[in-house]
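Beneath this line is the structure, given in structure tokens, with notes to follow.
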Amino acid sequence: MNMKNKKDTSGAWWKEAIVYQIYPISFQNSNGDGTGDLRGIIDRLDYVKSLGIDVIWLNPIFKSPNDDNGYDVSDYCEIMDEFGTMSDFDELLGKAHDMGIKIILDLVINHYSDEHPWFMEARKSRDSKYYDYYHWWPAEKGTPAYRESYFDVDGNAWKYNKDTDSYYLHYFSVKQPDLNWENPELRQEIYKIMRFWFDKGVDGFRMDSISYISKDTDFPEVDRTMYPYIFDYCALNPTLHSHLQEMNREVLSKYDIMTVGEGSSVCKSEVSKFVDPDRNELQIMYHFGPSEIRNYTGPDAPSTGIEYSLLKFKQMFTEWDNAIGEGWPTIYLGNHDQPRMISRFGSDDHKYHVISAKMLTMFILTMRGTPFWYAWDEIGMSNIKFSRIEDYRDISTLNGYEHARKMRGNLKKFLENQKNTSRDNARTPFQWDASDNAGFTTGTPWIKVNPNYKKYNAMDESKDTESILNFFRKTIRLRKEHKALIYGQYILLDSKNIHTYSYLREYKNERYLISLNFTPKEAISRTGVNTENGEVVLKNYDDFKLKDIKGKITLRPFETVVIKL
């Protein structure tokens, strides 16, 4: 395509925004019932504004039986009873906008709840209008080809329904039947829902599991030698991009909004198809690179003192930055689906907790792309590491435990693993202050509060100029003051270093060197960059002194520095 005809997205507000993800059930409870709610968020908007963020991403707030904490929607145009009313939402949206904060919602359209009226009718008869809103396999055709489920106790994505004598598909919980996007009438119903929220003034959607909405409705057997992880196959169905282009054409292009796709099983070679501006699909894609590095790699060497491969970590972020093409990247290390950022990539050791949290803050806010920040990480919250299955609330952990029990697995080993991997680690209540229940509720919290709230909480950290919270605010200000930290080219340095991560950000006449030690040991970053005339603009050790020794920087454990060249 001729370059002069290419779509120009330079200066788009969603490129310069910092997104702050709020998990509503755990943010702030306003009425003493132990469950976070919309009025609680309203009450804390001044705090959110003080951070310097631009966008709030709310996890699902729609009416739901809560099998999967709101990701099983039973009515998309009503608010979950536990969260409040539509009037509460309208007030939240209005007050946020008055403060200059945009709000995006979590759009769950790969699946709905089995208690949604459509499915309740569909499961009664094959003659129902809504039967074709879902994916079914008639029993007379035999057993359907295997499809995997994330949350099913047996891992099987097909569930038999007696009244229709057929199986329905559910990639997630048995109570989350997948929608049939190959049905044009279903698609139009979803577009109506999207317009409903955009017309209210919502500023965009984060689209849950969007890469799975398209299915090959013949449901052939999958070659497991080619796709040992079957979801990699599920994310490659041919109508996916035509569905997204239709969605863009009929809805998204009509509004000044932000569109974020959750790229489950999307590989690097495919990502540009979603976000190239000229393809008219989505604006940015939220991938699973950080969790894959943390879960599936071991240390580069015992000497690093960290449990994952920093080399692969650097390679992953660099390759995604390259693969995005004409699109725009996202940067994050934590969210509601993954354990706490500090516990995974920093250190729970009291000696390094604060300094490693600051290092990770610096990384996220100096990389190229739109940063997605998970609420609570700015005060240094860490994994709670429950020891008893009774303390968990997440369907993934509970069903995983039941599966292990049925298979006579090692339950003690399963629980030990969940201390580091369970999603509930990221879902404990916000630690507002040192009062009972960390100021989250006057009642009994829906899930236990992390006992370390008396040490790490927003009130105490706000008063401490050297806290993680105030370092977060300071780093946000730095990013906003220097366009090079937003739009600058990202150039990886010292790529083979197993202890440090260093890179340049270059934009017009500005150049910045960022060097980070990801380990609990002293390390040398061999950047090859002359910093003799450089200016240190941010650091996480107060007494850092810039000494240029032939392009080398010595960094203490988890030390980081930003140098203007």
Side-chain angles (χ1 to χ4, degrees), residues 19 21-25 55-77 80 83 103-114 116 119 134-135 148-151 157 169-181 186-187 189-191 193-194 196-198 202-215 231 234-235 237 240 243-244 247-248 251-252 257-266 271 274-275 281-291 330 332 334-338 370 372 374 394-396 423 426-427:
V19 181
Q21 181 190 356
I22 290 179
Y23 199 63
I25 195 173
V55 179
I56 292 172
W57 155 23
L58 291 178
N59 286 96
I61 58 171
F62 316 105
K63 192 172 183 64
S64 167
N66 260 326
D67 186 57
D68 183 23
N69 279 19
Y71 281 89
D72 48 319
V73 179
S74 57
D75 189 334
Y76 242 119
C77 296
M80 191 187 302
F83 289 165
I103 290 184
I104 66 173
L105 302 182
D106 219 319
L107 189 73
V108 191
I109 48 178
N110 174 71
H111 47 270
Y112 277 4
S113 169
D114 68 343
H116 191 288
F119 190 74
Y134 300 89
H135 292 284
E148 190 169 352
S149 167
Y150 280 108
F151 300 151
L169 184 72
H170 61 94
Y171 280 173
F172 294 86
S173 160
V174 69
K175 289 181 65 62
Q176 293 170 294
D178 281 40
L179 292 164
N180 180 12
W181 271 75
L186 178 278
R187 297 199 301 272
E189 292 286 355
I190 291 174
Y191 300 159
I193 292 166
M194 298 173 75
F196 171 83
W197 290 103
F198 286 145
V202 166
D203 301 290
F205 288 127
R206 177 265 192 187
M207 301 184 185
D208 184 71
S209 301
I210 198 68
S211 51
Y212 295 149
I213 61 173
S214 172
K215 274 86 171 176
F231 281 109
C234 296
N237 281 290
L240 171 59
H243 292 334
L244 293 178
M247 180 197 297
N248 185 291
V251 185
L252 305 181
I257 43 89
M258 179 182 199
T259 57
V260 186
E262 183 193 29
S264 310
S265 299
V266 173
V271 67
F274 292 87
V275 298
E281 295 187 20
L282 305 176
Q283 291 163 343
I284 51 181
M285 182 64 75
Y286 195 94
H287 62 84
F288 280 68
S291 63
T330 58
Y332 80 99
N335 61 34
H336 67 291
D337 277 336
Q338 299 171 26
T370 298
F372 281 71
Y374 188 50
D394 179 33
I395 187 175
S396 179
R423 301 190 302 178
R427 299 177 178 187

Mind checking the [atom1]-[atom2] spacing from [X] to [Y]? Nearest 0.5 Å is all I need.
X      : Y      : atom1 : atom2 : result
Ser74  : Phe119 : OG    : CZ    : 13.5 Å
Leu169 : Lys215 : CG    : NZ    : 6.0 Å
Ile109 : Met194 : CD1   : CE    : 5.5 Å
Leu107 : Ser209 : CG    : OG    : 11.0 Å

Mutual orientation of the aromatic rings belonging to Phe172 and His111 [parallel < 30°, tilted 30-60°, perpendicular > 60°]: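 Tilted.
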4.5 Å side-chain heavy-atom contact, [X] and [Y]:
X      : Y      : answer
Met207 : Ile213 : no
Ile104 : Thr259 : no
Phe372 : Trp57  : yes
Glu262 : Asp337 : yes
Ile25  : Phe83  : yes
Met247 : Leu252 : yes
Leu240 : Trp181 : no

Taking [X] for its side chain and [Y] for its backbone only, find out whether a donor-acceptor pair lies under 3.5 Å.
X      : Y      : value
Tyr374 : Ala426 : yes
Asp203 : Ile103 : yes
Ser211 : Ser264 : yes
Tyr171 : Gln176 : no
Glu281 : Val275 : no
Ser173 : Phe151 : no

Closest approach of [X] and [Y], non-hydrogen atoms and distance?
X      : Y      : value
Val73  : Tyr76  : CG1-CD1, 3.7 Å
Met258 : Ile284 : CE-CD1, 3.7 Å
Leu179 : Ile190 : CD1-CD1, 4.2 Å
Ser113 : Pro65  : OG-CG, 3.4 Å
Met80  : Phe62  : CB-O, 3.3 Å
Met285 : Leu282 : CE-CD1, 4.4 Å

Residues Leu105, Phe205; criterion side chain to side chain contact (heavy atoms under 4.5 Å, CB included); working and verdict: CA-CA 5 Å; Leu105 302 182; Phe205 288 127; 4.0 Å; yes
From CA spacing to verdict: side chain to side chain donor-acceptor pair (under 3.5 Å), Asn335, Tyr286: CA-CA 11 Å; Asn335 61 34; Tyr286 195 94; 3.1 Å; yes
Those residues that, when tested against Asp208, pass side chain to side chain donor-acceptor pair (under 3.5 Å) (two or more places apart):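 Once residues adjacent in sequence are excluded, the partners of Asp208 under the side chain to side chain donor-acceptor pair (under 3.5 Å) criterion are Arg206.
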Sequence-distant partners of Asn59, side chain to side chain donor-acceptor pair (under 3.5 Å), two or more places apart: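 Asn59 satisfies side chain to side chain donor-acceptor pair (under 3.5 Å) with Gln21, Tyr71, Asp106, His336 once adjacent residues are dropped.
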Pairs flagged by salt bridge (Lys or Arg N to Asp or Glu O under 4.0 Å) wherever residues 62-73 is involved - sequence neighbours left out: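 Applying salt bridge (Lys or Arg N to Asp or Glu O under 4.0 Å) to every pair that reaches into residues 62-73, excluding sequence neighbours, yields Lys63-Asp81, Asp68-Arg423.
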Aromatic contact, Phe231 with Tyr150 (centres under 6.0 Å):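 That pair passes the under 6.0 Å test.
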Asn69 versus Tyr23, side-chain donor and acceptor atoms under 3.5 Å: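 Yes.
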Derivation of the side chain to side chain donor-acceptor pair (under 3.5 Å) call for Asn66 and Lys175: CA-CA 10 Å; Asn66 260 326; Lys175 289 181 65 62; over 6 Å; no
